[in-house]
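Everything below concerns the one structure shown next.
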Amino acid sequence: MALAAAMYISPCPTKFSRSSISFAPHFSCSRLENRVKVRCISSSVDPSKSTAVTEKPLISTKSGNWRWRFQGTTININYEEHKEENSANEKRILMIPTISDVSTVEEWRVVAKDIVARKGNVKWRAIIVDWPGLGDSERPLLNYNADVMENFLTQIVNATDSPLRNSVDEDLVIVGGGHAATIALCAAGKGQIKPSAIAAVAPTWSGPLPIVFGRSSEMESRYGLLRGTLRAPAVGWMMYNVLVSNEKAIESQYKSHVYADPDNVTPNVVKSRYALTKRKGARYVPAAFLTGLLDPVKTRDEFLDLFAKLDGKIPILVVSTKNAPKRSKAEIAALEGAKGVTKFVEVPGALLPQEEYPLTVAEELSQFLQSISVPTRDVRQ
């Protein structure tokens with residue numbers, strides 16, 4: 001989508017590289033889900049040196065809908081919950097998918113199950129939620145922007161009827177990819193949510209077009225034209241089908257900058273994500289994301305300031321990737337040693353390491369969680 005849209009709004013023909021676009025879709029590799037019961041153990045988190053330990057934990061998985069109330073409208077939000085059966089008083093992890101036209105809870109499913117299945121003094125309950133307008137959540141025609149998404153995150157964390165509230169322990173760790181991590185940092189910095197820790201996996205702050213073409217008044221006008229066209233009743237669907245809703249475009253995006261290894265982009269991955277683009281209302285959030293309306297900040301300095309504001313307040317893990325697109329990687333690399341960043345690590349992958357290399361990401365997250373957690377008290381004792 002980003003490449004084709006760039007050609008649409010570009011003021012003149014120019015050399016253009018797919019790898020230069022910070023586009024962060026979400027893909028789910030079904031073959032990885034069969035690896036849930038295998039845990040990689042390695043101090044350096046090197047998959048080639050990991051030791052496989054087969055486990056058979058009893059994991060309870062359920063899905064449901066939470067009703068988000070916004071501007072007089074009630075919107076059904078899809079979520080999944082993963083926990084060990086018969087456990088009590090677990091600590092909570094909220095996992096939020098990276099924002100894109102093919103965003104889905106499946107992105108975090110293998111990671112969630114792996115962390116929940118691990119043995120240790122701390123028991124975890126992982127909840128993964130689809131953003132409004134994406135995944136299996138309802139997709140109404142709203143004026144989506146960063147504030148709308150921040151409002152959603154704030155409500156699902158704080159609402160008394162939230163699926164996150166079913167726990168005696170009040171600690172909440174938020175794990176997010178791409179823009180999701182940055183939106184969580186914004187909300188935490190404003191005091192709207194109070195997580196006990198945040199893990200930012202391949203965090204991004206600029207939409208695919210603004211990170212390449214900038215935010216001059218001329219370009220903002222072009223973005224507005226493209227956004228309006230994509231949202232239009234008839235021509236919008238036609239353009240969306242050309243830019244996004246076709247299997248060749250999706251496969252190209254995955255292979256060029258979403259996955260590090262093109263061989264991991266299987267036909268099943270492409271078909272399942274293509275199906276997401278065919279749902280009613282599928283184009284509204286991507287139109288906002290592509291053109292920068294979902295960007296939580298506008299500059300790198302503002303991005304760094306989000307972390308600095310939380311310095312000394314909560315621990316923050318940043319997970320970088322070895323093969324992220326050049327511009328996105330530069331923004332992530334700026335966080336190494338930055339104020340407020342408790343730990344900085346690098347893993348294999350590009351823009352979606354949690355799905356392409358879920359066990360490696362789960363290992364890093366597990367180490368971080370162990371370093372910040374106090375053992376869970378079992379209320380049944």
Side-chain angles (χ1 to χ4, degrees), residues 24-28 60-83 90 92-109 111-113 116 125-167 172-188 192-195 198 201 272-273 275-289 293-294 296 354-355:
H26 307 192
F27 321 94
S28 176
S60 170
T61 298
K62 72 175 185 179
S63 60
N65 283 295
W66 175 71
R67 297 168 69 83
W68 175 47
R69 296 168 180 82
F70 181 73
Q71 295 182 344
T73 301
T74 300
I75 302 165
N76 287 320
I77 300 297
N78 176 64
Y79 72 88
E80 288 185 357
E81 178 185 81
H82 304 273
K83 59 178 290 186
E90 311 98 337
R92 304 167 299 163
I93 306 175
L94 171 62
M95 295 182 167
I96 325 171
T98 308
I99 294 176
S100 78
D101 49 83
V102 287
S103 172
T104 169
V105 294
E106 294 181 28
E107 164 189 335
W108 285 108
R109 187 175 292 157
V111 176
K113 290 184 176 181
V116 169
R125 178 167 66 98
I127 300 92
I128 320 172
V129 299
D130 272 325
W131 289 100
L134 295 171
D136 287 328
S137 292
E138 288 186 335
R139 305 179 179 206
L141 177 57
L142 300 177
N143 292 318
Y144 294 99
N145 57 36
D147 290 338
V148 171
M149 296 310 205
E150 189 175 310
N151 176 284
F152 161 73
L153 179 59
T154 300
Q155 285 198 41
I156 197 168
V157 168
N158 296 324
T160 57
D161 63 345
S162 167
L164 292 167
R165 305 298 291 183
N166 299 325
S167 178
L172 172 65
V173 176
I174 295 180
V175 180
H179 272 46
T182 312
I183 291 172
L185 289 163
C186 281
Q192 295 176 350
I193 58 175
K194 296 181 179 180
I198 293 177
V201 179
S272 64
R273 296 307 164 260
L276 289 173
T277 68
K278 288 301 183 183
R279 297 187 178 180
K280 182 179 179 180
R283 68 191 189 277
Y284 301 138
V285 171
F289 172 64
L293 276 189
L294 301 188
Q354 61 269 34
E355 185 161 288

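This structure is a prediction, so every number in the text was calculated from the model and none was measured.
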Leu293 side, atom CG; Asn143 side, atom CG - distance, nearest 0.5 Å: 9.0 Å
On a heavy-atom basis, which atom in Ile75 and which in Leu142 lie closest, and how many Å separate them? CD1-CD1, 3.8 Å
Under the salt bridge (charged side-chain N to carboxylate O under 4.0 Å, His left out) rule, what pairs show up with a residue in residues 63-72, not counting sequence neighbours? Arg69-Asp161
Quick check against the 3.5 Å criterion: does Asn151 have a side-chain atom that pairs as donor or acceptor with the backbone of Asp147? no
Are the side chains of Leu164 and Val157 in contact, using a 4.5 Å heavy-atom criterion? yes
Using 30° and 60° as the class limits, which term best fits the ring planes of Phe152 and Trp131: parallel, tilted or perpendicular? tilted
How many angstroms lie between CD in Glu150 and CG in Asn145, if you round to the nearest 0.5 Å? 10.0 Å
Can you tell whether the side chains of Glu81 and Arg125 come within less than 4.0 Å, N to carboxylate O? yes
Taking salt bridge (Lys or Arg N to Asp or Glu O under 4.0 Å) as the test, write out the residues that go with Glu138, two or more places apart. none
Of the options His82, Lys83, Glu80, which is the one that meets Thr61 in a side chain to side chain donor-acceptor pair (under 3.5 Å)? His82
Going by the side chain to side chain contact (heavy atoms under 4.5 Å, CB included) test, name the single residue among Ile198, Val129, Val175, Ile128 that passes it with Leu94. Val129
Between the main-chain N or O of Tyr79 and the side-chain N or O of Trp66, is there a donor-acceptor pair closer than 3.5 Å? no
Under the side chain to side chain donor-acceptor pair (under 3.5 Å) test, which residues partner Lys278, sequence neighbours left out? Asn241, Ser245
Give a yes or no answer on whether the side chain of Trp108 reaches the backbone of Ile96 with a donor-acceptor pair at less than 3.5 Å. yes
Taking all atoms of both residues into account, what is the closest heavy-atom pair of Ala282 and Thr277, and its distance? CB-O, 3.5 Å
